[in-house]
Amino acid sequence: MVQNNVGAFLSTPVRVVVARMDKEYSLQPQPLTVEGGGVARLLCQITAVPPAIITWQRDGQDLPQNESRYTLLDSGILQITDISSDDQGLYRCIASNPAYTRPSSYALLTVKSGTLKSLAIQFLSFSQSIVKIVNESAVLECMVMGKPMPMVSWKRADGKKLSSERVSLLGQGNLVIHSLRAEDAGSYVCTATVTDVTTGRTKSETQSSTLTVYVTPNFIERPVSIVKPTPQTARFLCVVNGIPSPSVQWLKNGKPMYLNGRIKFKTDGELVITQTMMSDSGIYQCVASNKAGTRSVATRLFVKSTGVQPDAPHNLIAQTLSSSSVMLSWNPPATNSKDIKAYTVHFSPSSAGGLESQVVAVNTTEVITKLKPYTNYSFYVRAYSEQSASEQSEVIYHLTGEDVPIAAPSITLTSLSSTTLRVSVEPLPPHKARGKIISYRINYRRHNQAFNNLIEVDGDITEYTITGLQPKQIYDVRVLAGTKVGFPVLTEQNWSWVTQEMPETLNTKVPLPPTLQLTVINATTVKVRWQEDLRYPIEGYTLSYRKQGHPLEDSVILQGHINEFFLSNLDPHSWYEVHILGFNEYGDGLESVQNIFTVSEDHPQLEPIEIVAPPEFIEAHPKSSSSIQVTWKPPMTSRNISYYTVRFHPVLMNGLLNASMVSYVCSTSNSVIIANLTPFTLYEFSVRSHNVKNQQGPFSQKVECRTLEDVPSSPLDLSWLAINAHTIKVFWQPPATPNGEITLYEVLYTTQMGSVKDLDDWQKKGEKGFEVSSLIKGLASNTRYFFCMRAWTKAGVSSPSATITVNIPVKLNDTRNSHHEVLDVHPQNPLLGIVLGISIGVTCIIICVLIIICRNRCCPRPPPPPSGTYSSRHTNGHLPCFHNDKQPDNVKPQELDCFTPMLNHIPTTAMDNHLDTKGGYYDMRSHKVNGFTCPLLANSHNILQVPGKSEVHITENPQCIVGTAEDCFPIPRESIEVQTK
């Protein structure tokens with residue numbers, strides 16, 4: 001890269017490769033037997049960089065170079081014609097490049113005396129697809145054998161003639177094309193012909209090969225260096241061709257450019273930079289690349305100040321409002337801030353290639369909406385006066401707020417044993433996570449069970465082991481990711497269960513699970529004791545533990561005679577899970593798992609503490625749409641349990657659970673039915689134990705269960721719209737309390753309004769549960785219908801909605817032909833319509849003529865300009881353009897240069913005179929345009945001025961798509977208000 005104070009220039013890239021060669025040949029010469037006078041073809045190939053040069057040896061000696069019967073092709077092929085006994089021997093090839101020289105294995109060529117009198121034509125070569133670059137040479141192989149020996153000729157498949165100056169034959173019939181051109185590409189046909197001496201008949205066979213010629217990029221139109229004042233539009237046109245079609249990339253000062261709001265790459269190779277600023281000055285390169293090579297051309301853009309350019313805004317500050325909105329505030333320019341009419345706020349994702357957008361602000365604060373959650377954006381601001389625009393402010397970067405994820409992570413299940421299952425979580429990509437994942441909810445259950453167990457783990461844990469499962473049972477697992485905002489609410493289709501069948505215990509002689517007992521010694525220490533089962537020998541134990549929601553710590557291997565161990569350095573007031581299993585020569589035994597809760601640090605350490613263990617094997621089963629039965633088993637290690645407390649609450653995905661939503665129920669038995677629940681609602685349950693001393697333990701692990709569905713309430717807001725004389729469209733809203741998944745909506749209608757309870761005689765039409773409208777056809781016009789609706793769930797059907805009356809009023813064209821009906825239209829005389837149409841047209845023409853006559857009398861046409869021509873194009877919101885040269889007919893539309901921002905709306909005062917820019921015109925007498933008050937460029941070809949002191953309010957700057965003039969400016973599409981003092 002070369003750089004100076006003007007810019008930087010990047011040279012054409014040079015590819016550097018390390019010379020190498022494979023150790024083995026991909027194709028080696030093979031033994032061959034040939035009759036005397038025949039032909040032979042030997043081949044060897046090896047992968048090498050740069051490509052290896054292939055030479056051949058016979059019996060260890062190089063083949064003679066001046067022997068015309070030997071033809072060596074660059075592809076590693078050796079062709080031998082008119083073979084004699086002297087050609088018999090051991091042949092091998094030798095591949096050489098700057099890195100290595102490798103010989104191939106030997107192949108024996110045997111020459112035998114001729115016995116065959118005739119031999120059909122046979123091609124030893126194969127059809128080829130050759131790719132070459134223009135100006136290189138191409139060799140198309142064609143080698144045949146036969147008796148008598150065939151004659152070889154070449155032709156193009158498309159019938160075009162071969163160039164006699166650049167085409168030659170090599171060896172028996174190989175076609176060589178020198179100095180390749182693009183037009184040489186195509187299909188070539190090799191024809192082998194032999195004439196039967198006896199009969200005089202001619203036989204021929206053909207073989208085709210394809211030649212592709214790549215052409216390096218060629219610049220048809222090169223970009224031209226330009227000088228532009230700020231903030232106009234700069235264009236660089238770079239038209240290039242080549243084979244294959246080149247890709248075009250633009251560089252600024254040697255660095256790639258990316259598409260954004262101000263920078264556009266057109267399909268025809270044009271680079272457009274709108275609202276230029278001085279920082280756009282530099283060297284621009286158009287780099288064209290294809291498989292044939294890379295070429296580039298450079299140009300320069302110099303953006304100069306107009307002399308009235310305002311200072312840039314400063315002190316830009318961003319404040320997060322939500323996951324998709326940010327409020328920006330800034331200070332106006334330090335000088336001439338009163339001249340500022342508007343600001344543009346530019347923003348784009350910080351990632352490379354992010355599309356830049358912009359909005360217009362009339363104050364020094366602006367709220368940017370519709371941003372992507374948890375995405376880093378860059379922001380800067382520009383100020384606009386009546387005459388120019390500032391440079392951009394300092395660029396700041398700001399991260400939008402977090403939101404809930406939009407998908408569930410993918411998981412993989414692996415059975416570690418017959419009772420343990422490892423869950424591997426694949427983290428969500430950023431655009432789906434929409435924040436920092438701080439927690440995972442692992443749901444697991446027996447296959448198709450009504451309830452599921454719930455385990456919450458930290459967001460940095462991507463593997464978790466579920467223990468205590470049953471062998472040979474099928475389990476369902478799914479995981480939900482959550483940010484600090486909460487967890488998403490996903491449908492069953494978007495959050496499916498992953499199923500895994502646990503293996504059976506392969507060996508029945510492995511140790512049974514030990515009897516485990518845990519005792520809290522202090523806030524950081526737990527004593528682990530166990531008692532082995534002596535039915536099978538035990539060589540040792542494997543002990544492991546983990547804090548709840550964390551992965552297992554490294555296992556501890558203990559000898560078989562040990563039955564006690566202390567876990568230390570634990571966290572106070574925390575829940576731990578302890579695992580132990582025995583092993584012998586037959587393998588690992590079944591695992592025993594228990595949970596323990598450490599005490600707080602301020603707990604007195606006078607004696608070992610016995611924690612009241614929570615119940616085990618918590619289960620929840622829905623009994624109805626408003627009740628769930630919760631069951632459990634007493635803890636194995638705790639005694640003197642007097643009663644239990646069941647805690648339950650609805651599951652809220654946002655995590656905003658308050659104390660009023662949590663309920664508690666006490667039970668002296670191992671089962672309780674929770675009633676008065678909401679239908680089809682997911683609830684979370686956990687249970688804890690109380691002993692006779694009224695001491696309570698920690699709550700158990702959580703389970704989730706959903707109440708059954710119930711009958712929904714009626715659909716709401718039933719309405720209708722007439723489509724034609726016999727069809728209406730009925731609309732409705734879902735029930736306020738669906739109490740389940742709506743499976744069907746039922747539209748009922750009749751002409752006889754009887755009892756609403758007797759709906760069996762009404763006509764019915766069903767719609768799927770996600771629909772909110774239905775098209776009812778075949779109705780009679782001028783007939784009163786009664787409509788109502790019902791909704792269905794699996795539990796049943798709702799009561800009917802409120803009844804509405806439908807009547808399609810239709811009036812007849814002729815009482816004698818009642819089948820001709822018109823919806824709400826009176827009969828009309830066709831002749832009357834024709835007369836009215838002609839009258840209206842004539843009236844419009846007369847009015848237009850009167851306006852033109854009055855305008856010519858009041859506003860006589862001025863003399864034409866002294867030189868040049870102009871073309872006035874009155875388009876919606878665009879300014880007529882004036883040129884010194886005639887406008888060519890084939891000029892394509894372009895964006896016009898503009899200094900005004902993309903304005904949506906600027907408030908006006910009551911004193912302003914509103915001017916509709918849709919009727920903007922150019923006054924040839926005063927040489928000014930309505931709504932445009934001051935020049936942008938002192939040396940511009942079209943200085944547009946309004947005499948006197950004026951204030952311009954620009955309400956919108958549309959994209960300008962008209963001619964090719966460099967100095968045309970768009971009139972705002974909405975309006976320009978001018979107040980002249």
Side-chain angles (χ1 to χ4, degrees), residues 15 17 25-27 39-56 63 65 67-81 93 95-97 123-145 150-193 204-218 241-246 288-295:
R15 185 185 180 193
V17 295
Y25 278 81
S26 55
L27 290 175
V39 296
R41 181 178 182 268
L42 299 173
L43 170 65
C44 69
Q45 288 183 358
I46 190 170
T47 302
V49 177
I53 297 175
I54 305 296
T55 59
W56 287 85
L63 291 178
Q65 299 294 321
E67 178 62 62
S68 60
R69 294 187 305 109
Y70 296 110
T71 303
L72 278 69
L73 304 183
D74 293 339
S75 57
I77 296 173
L78 170 64
Q79 298 176 347
I80 308 175
T81 58
C93 67
S96 302
N97 75 352
F123 283 95
L124 300 182
S125 59
F126 299 92
S127 296
Q128 310 161 76
S129 292
I130 299 176
V131 177
K132 291 291 183 177
I133 298 177
V134 67
N135 294 325
E136 293 182 345
S137 296
V139 179
L140 304 181
E141 183 190 11
C142 185
M143 190 175 193
V144 295
M145 62 179 297
M151 299 293 295
V152 175
S153 61
W154 284 88
K155 65 178 181 180
R156 290 186 59 131
D158 55 11
K160 295 180 180 179
K161 293 184 179 180
L162 298 177
S163 173
S164 58
E165 299 177 355
R166 297 184 294 109
V167 172
S168 62
L169 289 178
L170 177 65
Q172 183 196 45
N174 306 296
L175 179 67
V176 182
I177 306 176
H178 305 276
S179 302
L180 285 172
R181 300 173 184 173
E183 56 267 23
D184 293 329
S187 180
Y188 291 79
V189 180
C190 173
T191 303
T193 305
S204 63
E205 298 288 342
T206 61
Q207 185 179 81
S208 299
S209 294
T210 302
L211 173 63
T212 301
V213 180
Y214 287 163
V215 179
T216 54
N218 178 46
N241 63 6
I243 301 176
S245 297
S289 303
N290 65 5
K291 294 182 179 180
T294 300
R295 296 184 64 187

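Excluded from the calculations below are hydrogen atoms, water molecules and symmetry mates; all remaining heavy atoms, backbone and side chain alike, are included. Positions are given from 1, in the same order as the sequence printed here.
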Does the side chain of Glu141 pick up a donor-acceptor pair with the side chain of Ser75 at under 3.5 Å?
no
- prompt: Going by atom types only, do Thr294 and Ser289 share a side-chain donor-acceptor pair under 3.5 Å?
  reply: yes
Does the [X] side chain pair with the main chain of [Y], one donor and one acceptor, at a distance under 3.5 Å?
{"X": "Arg69", "Y": "Ile80", "value": "no"}
{"X": "Asn174", "Y": "Cys142", "value": "yes"}
{"X": "Ser26", "Y": "Gln45", "value": "yes"}
{"X": "Gln207", "Y": "Ser125", "value": "yes"}
{"X": "Tyr188", "Y": "Leu175", "value": "no"}
{"X": "Ser127", "Y": "Ser208", "value": "yes"}
{"X": "Glu136", "Y": "Leu180", "value": "no"}

One thing to verify: whether Lys132 and Asp184 come together as a salt bridge, which I'm taking to mean a side-chain N less than 4.0 angstrom from a carboxylate O. no
- Test side-chain contact (heavy atoms from CB on, under 4.5 Å) on Leu73 and Leu170 and set out the steps. CA-CA 9 Å; Leu73 304 183; Leu170 177 65; 3.8 Å; yes
Take atom [atom1] of [X] as the centre, draw a 6.0 Å sphere, and report whether it contains more than 12 heavy atoms from other residues, nucleotides or ligands.
{"X": "Glu165", "atom1": "CD", "result": "no"}
{"X": "Ile53", "atom1": "CD1", "result": "no"}
{"X": "Asp158", "atom1": "CG", "result": "yes"}

Query raised in the report: Could you walk me through whether Arg41 and Val39 pass the side-chain contact (heavy atoms from CB on, under 4.5 Å) check?
Result: CA-CA 7 Å; Arg41 181 178 182 268; Val39 296; over 6 Å; no
*asked:* As a quick check of understanding, evaluate side-chain contact (heavy atoms from CB on, under 4.5 Å) for Ile130 and Leu140, giving each step before the final call.
replied: CA-CA 8 Å; Ile130 299 176; Leu140 304 181; 3.2 Å; yes
Minimal heavy-atom distance between Ala185 and Thr212, with the atoms involved, is CB-CA, 4.4 Å
| task | Please report the C-alpha distance between Val144 and Val152 in whole Å, then the side-chain angles of each, then the deciding distance to 0.1 Å, and finally whether the side-chain contact (heavy atoms from CB on, under 4.5 Å) criterion is met. | result | CA-CA 8 Å; Val144 295; Val152 175; 3.8 Å; yes
